[in-house]
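Notes for the one structure printed next.
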Amino acid sequence: MKRRQVLKTLLISAALMLPAGAALAADAVKVGLILPMTGPFASTGRQVEAGAKLYMAEHGDEVAGHKIELILRDDTANAEQTRRIAQELVTREKVQVLAGFGHTPLAMAAAPLATQGKVPMIVMAAGTSVITEKSPFIVRSSFTLPQVTEPLAKWAKDNKIEKVVTLVADYAPGLDAEKAFSDTFTKAGGQIVESIRVPLANPDFAPFLQRVRDAKPDAVFSFVPSGVGSALMKQFDDRGLAQAGIRLIATGDVTDDDLLNKMGKAALGTITTHHYSAAHDSPENKAFVKAFEAANGGMRPNFMAVGGYDGMALIYEALKKTGGDAKGEALVNAMKGLSWTSVRGPVSIDPETRDIVQTVYFREVKEQDGQLWNVEFDKVEAVKDPVKAAKK
Ligand code: PHB
């Protein structure tokens, strides 16, 4: 009896001697952030990470009694690495949330692990429609290619563009963009004269742009992933397509805010559709751009940064809603139907598809105060992913 009591007293005093943070740390919600931090798509990783970190800096690292711990891992945009890292984060680090996913194949590689581990997986960057169907634990804070492409195809037909060549990166989001553009444009009475697919890695656009020239369309519609747009823009200019009377219209991935300023005059007048522009005129966005640039040595945020920022908002708001319950099903259920005012405008999570519903903006590249911006001139509100809407 006596010995047991002494032991108990010792244990209690040991517990009291623990630093205050230790009890909380045991309770921390770990978020495994998997991104391409090196390699050809490092700009995506850098932007998403900076967006997520800014959200935490502004909102504190504690939610509903839990400390939020971000664990960043570099998958170098290699799907086998993404799968391995996701596995390790779930089984060894015991993360309660997986997040990031810079490209579609990377998100696809991690999806089975989210299902097996019952871990919510926040897709902050990748944009192929089908991704959210790969696990009931996936919620998306970025966008889908069909969501931003369909409005552009309608705009083109309404603006005297009759013949189009499509030119897309030859992988899942490119094929999504190609199909969304072609289907919508031809349905509206337009004609697709050629569909060109370019390799994803280090594309040399010159031979493909020559084919575009020969086909003599009114415009070329393009999607290439964030980070690749300036190469396309430069070669479009070098080959004199604009002088030949061919317009470039694209998803906003091509005139990515991270690179736009360095694209120079060749980019002026390019019409794009997308869900975020650093030039978006709202008090929330003005504050966001200012804080982001201040925290990142003047780097301008692009849509990837906003995917990271809003992805963290999703995690924080869901945790508040569950009162700190971080179990997979509870968190995903809490994310369904959430809505908030993002720096991009009003957004919500479609409770049926777990995709983001958002405004799609029409923008033109313009020079303002000596810098290039995607200046919004029109919009379509509350756009869902059209591929899933059509399946219902
Ligand atoms: C994707 O791989 O899903 C992806 C990557 C970059 C983008 C858009 C989509 O800009």
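One-based numbering along the sequence shown. Indexing begins at 1, ligand by ligand and atom by atom, following the structure's order. None of the values given here were measured: they were computed from a predicted structure.
- S277 and R363 are not linked by any side-chain donor-acceptor pair at a separation below 3.5 angstrom, with hydrogens and angles left out of the test.
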Verify side-chain contact (heavy atoms from CB on, under 4.5 Å) between I246 and D218, making sure each step is shown before the conclusion.
CA-CA 5 Å; I246 301 169; D218 300 317; over 6 Å; no

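- Near A126, with a cut-off below 4.0 Å to any heavy atom, the atoms of ligand 1 are 1 (C), 3 (O).
- Atoms of ligand 1 found under 4.0 Å from any heavy atom of P173, numbered from 1 in the order shown, are 1 (C), 2 (O), 3 (O).
- Residues meeting the ring pair (Phe, Tyr, Trp, His ring centres under 6.0 Å) test with F101, sequence neighbours left out: none.
- With a 6.0 Å cutoff to the six-membered ring centre and a 45° limit on the axis angle, R300 counts as a cation-pi contact of W373.
- Using a non-hydrogen distance threshold of 4.0 Å, G102 registers as a contact of ligand 1.
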Evaluate side-chain contact (heavy atoms from CB on, under 4.5 Å) for F185 paired with V164, printing each intermediate quantity in order.
CA-CA 9 Å; F185 190 62; V164 167; 3.6 Å; yes

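- If you look at F41 next to ligand 1, there are no close heavy atoms at all, none under 4.0 Å.
- At the shortest separation from atom 4 (C) of ligand 1 among protein heavy atoms lies Y171 OH, 3.5 Å.
- Against a heavy-atom cut-off of under 4.0 Å, S226 is close to the following atoms of ligand 1: 6 (C), 7 (C), 10 (O).
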Between Y361 and H275, does a ring pair (Phe, Tyr, Trp, His ring centres under 6.0 Å) hold up when you go through it step by step?
CA-CA 6 Å; Y361 303 88; H275 53 293; 8.9 Å; no

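- Of the protein's non-hydrogen atoms, T104 OG1, 2.5 Å is the one closest to atom 3 (O) of ligand 1.
- Summary of contacts: the protein heavy atom closest to atom 6 (C) of ligand 1 is P225 CB, 3.4 Å.
- The closest donor-acceptor contact from the side chain of Q116 to the backbone of L113 lies at 3.5 Å or more, if one exists at all.
- For H103, no nitrogen or oxygen atom sits less than 3.5 Å from a nitrogen or oxygen atom of ligand 1, counting backbone and side chain alike.
- Nearest to atom 7 (C) of ligand 1 among the protein's heavy atoms is D253 OD2, 3.3 Å.
- Residues E284 and R344 are not paired through a salt bridge, judged by the lack of any N-O separation under 4.0 Å between the basic side chain and the carboxylate.
- Atoms of ligand 1 lying under 4.0 Å from any heavy atom of M304, numbered from 1 in the order shown and given with element: 6 (C), 7 (C), 10 (O).
- Distances shorter than 4.0 angstrom occur between a heavy atom of F303 and an atom of ligand 1.
- Evaluation of the ring pair (Phe, Tyr, Trp, His ring centres under 6.0 Å) rule for F41 yields H103 as partners, not counting sequence neighbours.
- Contact atoms of ligand 1 toward G127: 1 (C), 3 (O), 9 (C) (distance under 4.0 Å to a heavy atom of the residue).
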